[in-house]
J.: 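Handing you this structure, nothing more for now.
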Amino acid sequence: MNKTLKALHDMLLARHTELSQKLGGITDPDKAQTIIMEMQEILHRIDLVQNLLFRQSSQQLDATLADITQANNTLAKAIQSITDIGAFLTATANFLKYADEAIDIAKTLAA
C-alpha cells in the first residue's frame with residue numbers, strides 16, 4: 001500500500017467524519033447545505049484515492065505530503081470553529097487543491 005496515499009486517505013476520512021459530526025449541530029440551512037456540498041467533494045476524493053492506494057510511489061508524490069498535511073491541519077481548525085463559513089470554504093479548497101495534485105500524480109504512476 002502506498003504510504004502517501006494512505007496518509008491522504010486517512011486525512012480525507014477524518015475531515016469527512018468531522019464535518020458529518022458538525023452537521024448535526026448546524027441550524028442554518030444555507031450553512032448546512034454548504035457543509036454537505038464540501039462533504040461531497042471530500043467523499044469524491046476518498047473514492048479516487050481508494051482506487052489508487054496500491055499504486056507505486058514516487059518522490060514527486062511523496063513530496064506532496066507536507067503541503068497536504070499543512071492544509072489538512074488548517075482545515076481541521078476551520079472545521080472546529082465553523083462559524084466563519086468563508087474561512088472554512090477557503091481551507092477546504094486549499095486542502096482539496098493539494099489532494100488533487102497528489103491524486104493526479106498517482107494516476108500517472110504505473111500500476
Side-chain angles (χ1 to χ4, degrees):
M1 182 176 297
N2 183 302
K3 291 179 183 179
T4 298
L5 293 174
K6 174 69 169 110
L8 173 57
H9 186 257
D10 290 347
M11 288 181 237
L12 288 162
L13 284 172
R15 299 301 73 81
H16 191 274
T17 299
E18 288 174 356
L19 287 171
S20 179
Q21 292 168 349
K22 283 285 186 179
L23 190 59
I26 301 296
T27 56
D28 179 332
D30 292 332
K31 190 180 283 189
Q33 185 60 39
T34 299
I35 291 170
I36 289 169
M37 287 176 40
E38 295 308 308
M39 287 175 66
Q40 290 170 335
E41 290 292 329
I42 291 171
L43 186 59
H44 175 65
R45 274 50 171 218
I46 291 169
D47 290 341
L48 290 172
V49 173
Q50 284 174 343
N51 290 322
L52 298 168
L53 279 173
F54 292 95
R55 293 286 173 122
Q56 70 184 34
S57 193
S58 71
Q59 288 181 348
Q60 184 182 12
L61 177 60
D62 294 344
T64 65
L65 192 55
D67 287 335
I68 293 168
T69 301
Q70 184 175 358
N72 175 62
N73 293 340
T74 301
L75 177 55
K77 289 176 187 170
I79 291 171
Q80 292 306 314
S81 60
I82 205 158
T83 54
D84 183 353
I85 205 75
F88 163 69
L89 288 172
T90 299
T92 304
N94 192 46
F95 174 63
L96 293 178
K97 175 184 79 168
Y98 289 116
D100 288 345
E101 288 175 9
I103 291 167
D104 288 344
I105 292 168
K107 285 179 183 179
T108 65
L109 300 173

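Since this is a predicted model, take the numbers as computed values, not measurements.
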J.: Please answer whether the main-chain N or O of Q60 pairs with a side-chain N or O of T64 as donor and acceptor at a distance below 3.5 Å.
T.: no

J.: Given the rule in the side chain to side chain contact (heavy atoms under 4.5 Å, CB included) test, do K3 and S57 qualify, once you have shown the distances and angles that lead to the verdict?
T.: CA-CA 8 Å; K3 291 179 183 179; S57 193; over 6 Å; no

J.: Once you round to the nearest 0.5 Å, how far does CE of M1 lie from NE2 of H9?
T.: 8.5 Å

J.: For the residue pair L61 and A102, what are the closest heavy atoms and their distance?
T.: CD1-O, 3.4 Å

J.: Compare every heavy atom of A78 with every heavy atom of A87, then report the nearest pair and how far apart it is.
T.: O-CB, 4.3 Å

J.: Within the structure provided, determine whether N94 and L75 are in side-chain contact (heavy-atom separation under 4.5 Å).
T.: no

J.: Any sub-3.5 Å donor-acceptor pair from T92's side-chain atoms to F88's backbone N or O?
T.: yes

J.: Could you give me the CA-CA distance, side-chain angles and deciding distance for L52 and R55, then say whether side chain to side chain contact (heavy atoms under 4.5 Å, CB included) is met?
T.: CA-CA 5 Å; L52 298 168; R55 293 286 173 122; 3.9 Å; yes

J.: To the closest 0.5 Å, what do you measure between CG (L65) and CD (Q70)?
T.: 12.0 Å

J.: Decide whether L109 and L53 are clustered together by the hydrophobic rule: side chain heavy atoms of Ile, Leu, Val, Met, Phe, Trp, Tyr closer than 4.5 Å, transitively.
T.: yes

J.: Start with the C-alpha gap between T17 and M39, add the side-chain angles, then the distance that decides, and say whether side chain to side chain contact (heavy atoms under 4.5 Å, CB included) holds.
T.: CA-CA 9 Å; T17 299; M39 287 175 66; over 6 Å; no

J.: How close do I105 and S58 get, heavy atom to heavy atom, and via which atoms?
T.: CG2-OG, 4.1 Å

J.: Among L12, T4, L13, whose side-chain contact (heavy atoms from CB on, under 4.5 Å) with V49 holds?
T.: L12

J.: Which value, rounded to the nearest 0.5 Å, describes the distance between H44 atom NE2 and L96 atom CG?
T.: 10.0 Å

J.: Quick one: do K22 and E18 make a salt bridge, cutoff under 4.0 Å?
T.: no

J.: According to a hydrophobic-cluster definition based on side-chain heavy atoms being under 4.5 Å apart (Ile, Leu, Val, Met, Phe, Trp, Tyr only), do M37 and I79 belong together?
T.: no

J.: Look up atom CD1 in I103 and atom CG in L48, then write down how far apart they are to the nearest 0.5 Å.
T.: 5.0 Å

J.: Please tell me whether L43 and I36 are part of a single hydrophobic cluster in this structure, the criterion being side-chain heavy atoms less than 4.5 Å apart.
T.: yes

J.: Spell out, as yes or no, whether a donor-acceptor pair under 3.5 Å connects the side chain of D67 to the backbone of Y98.
T.: no

J.: Can you tell me how far apart CG (D28) and CD (Q33) are? Round to the nearest 0.5 Å.
T.: 11.0 Å

J.: Evaluate the criterion side chain to side chain contact (heavy atoms under 4.5 Å, CB included) for residue pair T74 and F95; output intermediate values, then yes/no.
T.: CA-CA 8 Å; T74 301; F95 174 63; over 6 Å; no

J.: Taking the side chain as every heavy atom from C-beta outward, state whether Q56 and N2 have any pair of such atoms under 4.5 Å apart.
T.: no

J.: Using 0.5 Å steps for rounding, measure from the CD atom of Q40 to the CD1 atom of I46.
T.: 12.0 Å

